[in-house]
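Below is one structure, written out as structure tokens; the observations come after it.
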Amino acid sequence: RSLQSTREPIFRRINLEVIEVNAIADAIVYAAAYIDSRDQRVEFDDDDSDESAIAHIMAYLSHATPEEEDALAAAAERALKEEQSLHHPQQGMIEFFERWMQIMIGMDWDGNKRVYTD
């Protein structure tokens with residue numbers, strides 16, 4: 001018997017639920033493609049292109065599940081801590097990371113904290 005055939009998948013051994021992250025994956029793919037094609041868009045106004053790209057990313061993220069949103073909020077908090085730990089942190093980045101979920105997802109978020117309404 002091979003050793004591999006006796007092993008269970010790791011998510012079963014440690015009892016993790018597999019979460020689909022389609023909205024996040026779609027947004028990352030779009031963002032990477034946008035960044036990669038940046039040098040090919042010299043004929044367009046970069047400010048308009050950047051705003052359009054953010055709008056597209058926000059549209060993808062609007063389909064995020066609550067679990068995906070929680071993962072995004074945690075990532076924003078990690079990015080904030082990382083930026084704050086730098087020798088020369090950029091204040092604009094700190095301010096953006098502090099409100100990332102509110103900016104990108106909007107409703108139901110105050111900064112990176114979910115707002116529960118009754």
Side-chain angles (χ1 to χ4, degrees):
R1 275 174 65 168
S2 82
L3 181 60
Q4 188 172 15
S5 67
T6 62
R7 290 187 178 175
E8 288 184 68
I10 191 164
F11 64 87
R12 282 198 191 129
R13 286 186 307 189
I14 57 176
N15 199 22
L16 290 180
E17 181 179 333
V18 177
I19 299 171
E20 290 187 37
V21 290
N22 292 333
I24 295 173
D26 292 345
I28 290 170
V29 167
Y30 180 84
Y34 176 81
I35 292 166
D36 186 61
S37 68
R38 200 167 173 83
D39 61 337
Q40 300 169 10
R41 294 188 318 269
V42 292
E43 68 276 2
F44 299 111
D45 181 7
D46 277 343
D47 288 339
D48 289 341
S49 295
D50 290 348
E51 287 178 24
S52 177
I54 293 292
H56 276 84
I57 293 167
M58 290 169 68
Y60 287 119
L61 294 179
S62 72
H63 300 286
T65 65
E67 292 84 6
E68 289 174 315
E69 289 179 351
D70 291 342
L72 288 166
E77 288 296 312
R78 288 190 303 273
L80 173 61
K81 287 179 181 156
E82 177 68 25
E83 186 65 31
Q84 289 171 327
S85 74
L86 298 176
H87 188 60
H88 297 291
Q90 296 181 29
Q91 188 59 36
M93 293 291 282
I94 288 173
E95 291 169 4
F96 186 78
F97 289 140
E98 286 174 333
R99 299 180 327 113
W100 199 90
M101 290 301 289
Q102 186 176 346
I103 293 167
M104 298 302 286
I105 305 293
M107 62 182 172
D108 300 330
W109 292 90
D110 181 16
N112 293 323
K113 304 293 184 229
R114 192 181 298 274
V115 177
Y116 295 97
T117 57
D118 294 330

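Keep in mind the model is a prediction, meaning the values are calculated, not measured.
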What pair of heavy atoms forms the shortest contact from Glu83 to Pro89, and how long is it?
-> O-CB, 3.0 Å
Can you sort out the partners of Arg114 under salt bridge (Lys or Arg N to Asp or Glu O under 4.0 Å), two or more places apart, ordered by chain and number?
-> Glu69, Asp70
Nearest atoms (heavy-atom pairs only) where Glu82 meets Ser85 | O-OG, 2.7 Å
Scan for side chain to side chain donor-acceptor pair (under 3.5 Å) pairs involving residues 89-99, sequence neighbours excluded, and state none if there are none.
-> Gln91-Glu95
State the CG-OH distance between Leu61 and Tyr30, to the nearest 0.5 angstrom.
-> 12.5 Å
Atom pair OH (Tyr60) and CE (Met104), whose distance is rounded to the nearest 0.5 Å = 12.5 Å
Closest heavy-atom contact between Ile24 and Leu72?
-> CD1-CG, 3.9 Å
Interatomic spacing from CG in Leu86 to NZ in Lys81 - rounded to 0.5 Å | 14.5 Å
For Ala76 and Trp100, the nearest pair of non-hydrogen atoms, with its separation, is CB-CB, 3.6 Å
Sequence neighbours excluded - side chain to side chain donor-acceptor pair (under 3.5 Å) pairs with any residue from residues 101-113 | Glu77-Asn112
